[in-house]
Amino acid sequence: MSSIRPNKNLFALADCNNFFASCEMVFNPGLDKKPLVVLSNNDGCIIARSQKAKQLGIKMGEPAYLYRERAKKGEIQMLSSNFTLYADMSQRVMQTLSSFSPDIELYSIDEAFFLLEPSSDEVLRSRALEMRRKVKQWTGIPVSIGTAPTKTLAKIANETAKKDKNGDGVCVLTDPVSISERLKKTALEDIWGIGARLSERLKRKRIYTAAQLVEADDVWIRKLLGVTGFQTVLELRGTPCFQLCEEPGKKKSIVCSRSFATRIEDLSLLQEAIAAFAANAAEKLREQESVASFLSVFIAASPFQEPYESRSCHIQIPNPTSYTPELIALAKEGLSQIYRSGCSYKKAGVLLGDFSDSDAAQTDLITPSSDTDKKKEAMKVIDKINARYDKPSLRFAAEGVDQHPTSRSWKSAEANIRANVSPKFTTSWHDLLKIT
DNA sequence: TCTGGGGTCCTAGGACCC
DNA sequence: TCTGGGGTCCTAGGACCC
């Protein structure tokens, strides 16, 4: 648990507005004319909405097919997701924000927290406005900024800035009176850390707003919401419990999973998919210089159809490794244990866990790493080439070699579906924006 | 017909030990 | 007849986030 110490500094949260939709609009301003939504991996559901799409009442996570008809009629614009573009735009936004303060925590692809010196509300406001202006000017992305004594309150301030349509995208929430006024208008599910389940639990106890929650008894809250829930309440009262985390830190688990565009029954296709997931996860593992001693494989039918079946297996790896061929072999072995013929699978994935540092593993006599220098060198070369050229340049044969659009490979159906994707404007020379 | 993907932390309960 | 209790570790699942 992070220590609770008096912290006179203030927290600011910068959050990009409608981030994925905004990224698309930077390179294609015409998209602003009609509601725009960005779709998930298989164009399955809606994961981002422009302001106009939000006004139409389109919800986050809704299945895309509900809106296909209206898209055909031209009322709504639908784009496949382009994560290469979003990740690059994110980096540019974060770089711009970092130029204002060294005390910055990159919280998610579109959000960053800052530590600010205490100052008058006017000064805080003008600083935030200046940040906002510069990010817009340098990247084209609109951001909202909320400033408050704790992270949880900064979240609420940010939300306030976003919701105020006549506002300037900035909200400073520092004095106790305006904080308590704001909490009266804040619904439980709009509190950072209080989700649908905990909201329900609280409502059953006749608590409906953030203001009512902060008035509740400590012991009672602790019992009902657990430690993190209690910390959230302290934060709402103005006591910082969640500190700024500047170092991102290594991941404790790495998952690579996909829903398939079509149902898959064939074991060999599943094997290819699982191999590709293992290879992908292994690459991320090497990127953070870790080796894994735990691997899990899972396959699942569609959760929207009876009978739902989901199976997984867990494998302890005696000699921790990040060597792709070994991890592929283990994953395939795991798959063979859980696969049942006659079942049609809609989703599969590989999870790696129980990490240790790849260099430290060598000196550990009890669990020696199986990554010899030769293997390490081979992986290094592959990673280097794949990082330099458009992916996938080098792959393992187990991942499947037939990538032709008419083939039966697990990926081709996906490629056919994800047709409406924007170019990699900022990361591929071929896709540079053309001004005509 | 069509419903994402990738994370973190906490907790309750079981197994086991003394 | 009387049949403990506390500590630790592990794991599955729940809850949250974007």
Side-chain angles (χ1 to χ4, degrees), chain A residues 1-2 13-16 18-20 37-48 58-69 71-72 78 80-83 86-87 90 105-113 151-152 155 158-159 188-202 222-232 235 241-242 245 248-263 277 280-281 284-285 288 294 296 298 300-305 308 310 312-314 316 344 346-355 413-414 416-418:
Chain A
M1 191 175 100
S2 53
L13 172 66
D15 190 329
C16 300
N18 319 320
F19 184 53
F20 299 163
V37 297
V38 177
L39 307 178
S40 65
N41 191 41
N42 286 317
D43 288 358
C45 62
I46 291 163
I47 57 168
I58 301 176
K59 302 271 183 315
M60 177 74 173
E62 274 192 298
Y65 69 83
L66 295 175
Y67 295 97
R68 291 249 188 257
E69 276 308 309
K72 266 185 206 155
M78 285 183 162
S80 306
S81 45
N82 183 350
F83 278 97
Y86 311 148
S90 169
E105 171 187 345
L106 309 185
Y107 177 69
S108 74
I109 192 163
D110 70 334
E111 285 169 85
F113 283 103
K151 280 182 160 182
T152 307
K155 271 269 180 191
N158 189 287
E159 222 24 62
L188 295 173
E189 46 275 45
D190 294 336
I191 302 170
W192 189 46
I194 308 285
R197 302 298 175 96
L198 293 183
S199 294
E200 273 313 302
R201 213 181 281 175
L202 285 164
R222 171 67 184 79
K223 217 171 151 188
L224 201 71
L225 304 183
V227 275
T228 31
F230 182 51
Q231 286 179 313
T232 294
E235 285 238 322
C241 297
F242 308 129
C245 310
K250 293 185 179 183
K251 283 177 190 127
K252 294 169 182 174
S253 66
I254 292 171
V255 180
C256 183
S257 71
R258 288 285 177 282
S259 292
F260 302 125
T262 56
R263 295 201 179 82
F277 301 153
N280 195 328
K284 291 183 196 164
L285 185 64
Q288 66 165 34
F294 173 81
S296 164
F298 66 90
S302 167
F304 304 99
Q305 206 174 22
Y308 177 64
S310 159
S312 64
C313 82
H314 312 286
Q316 295 298 330
S344 62
K346 191 71 173 79
K347 184 173 179 172
V350 170
L351 179 145
L352 303 178
D354 278 356
F355 301 153
E414 184 179 312
N416 287 339
I417 284 174
R418 290 174 46 82

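Letters go in sequence order (proteins before strands), and every chain restarts at 1. Only this structure's heavy atoms are used, side chains among them; waters, hydrogens and symmetry mates stay out.
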Salt bridge (Lys or Arg N to Asp or Glu O under 4.0 Å) between A:E105 and A:K151, worked out: CA-CA 11 Å; A:E105 171 187 345; A:K151 280 182 160 182; 2.6 Å; yes

Contacts table for residues 190-198 of chain A: side-chain donor-acceptor under 3.5 angstrom, sequence neighbours left out:
from	atom 1	to	atom 2	distance (Å)
A:W192	NE1	A:Y107	OH	3.4

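When the side chain to side chain contact (heavy atoms under 4.5 Å, CB included) test is applied to A:S81, the partners found at least two apart in sequence or on another chain are A:V38, A:I47, A:F83, A:Y86, A:R418. Under the ring-ring contact (aromatic ring centres under 6.0 Å, His included) criterion, A:F298 pairs with no residue, sequence neighbours left out. Legend: residues meeting side-chain hydrogen bond (donor to acceptor under 3.5 Å, both in side chains) with A:S80, ordered by chain and number and at least two apart, are A:D43.
Across all strands, A:D110 comes closer than 4.0 Å only to sugar-phosphate atoms, never to a base (heavy-atom distances). A:K346 comes within 4.0 angstrom of sugar-phosphate atoms only, judged by non-hydrogen atoms across all strands, and of no base. Within 4.0 Å (heavy atoms only), A:E111 reaches sugar-phosphate atoms of the nucleic acid but no base atom. Residue contacts shown for A:L198 are limited to sugar-phosphate atoms, with no base heavy atom under 4.0 Å away. Contacts of A:I254 with the nucleic acid, taken as non-hydrogen atoms under 4.0 Å apart, involve only primed sugar atoms and P, OP1 or OP2. A:I194 comes within contact range of the sugar-phosphate backbone alone, with a heavy-atom separation under 4.0 Å but no base atom that close. Within 4.0 Å of A:L351, counting heavy atoms only, lies no atom of the nucleic acid at all. Among the atoms of the strands shown, none is found under 4.0 Å from any heavy atom of A:A64.
When each of A:V255 and A:L225 is assigned the nucleotide of DNA chain B bearing its nearest heavy atom, the one mapping closer to the 5' terminus is A:V255. Along DNA chain B, the nucleotide nearest A:G61 and the nucleotide nearest A:K251 are compared for position; the residue whose nucleotide lies closer to the 5' end is A:G61.
Atom CE of A:M60 is separated from atom CD1 of A:I58 by 12.5 Å, given to the nearest 0.5 angstrom. Here the CD-CG distance, from A:E159 to A:L13, works out to 9.5 Å after rounding to the nearest 0.5 Å. For the atom pair OG (A:S310) and NZ (A:K346), the distance works out to 15.0 Å, reported to the nearest 0.5 Å.
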Nucleotide pairing, DNA chain B (Watson-Crick or G-U, distances under 3.5 Å), in dot-bracket with [ ] and |: ....||||||||||||||

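Screening A:N280, A:L351, A:V350 against A:V255 for a side-chain contact (heavy atoms from CB on, under 4.5 Å) leaves a single residue, A:L351.
The nucleotide range of DNA chain C contacted by chain A, defined by atoms under 4.0 angstrom from heavy atoms of the protein and reported 5' to 3', is C:dA15 to C:dC18.
Nucleotides B:dT3 and C:dC18, compared at atom P, are 25 Å apart to the nearest Å.
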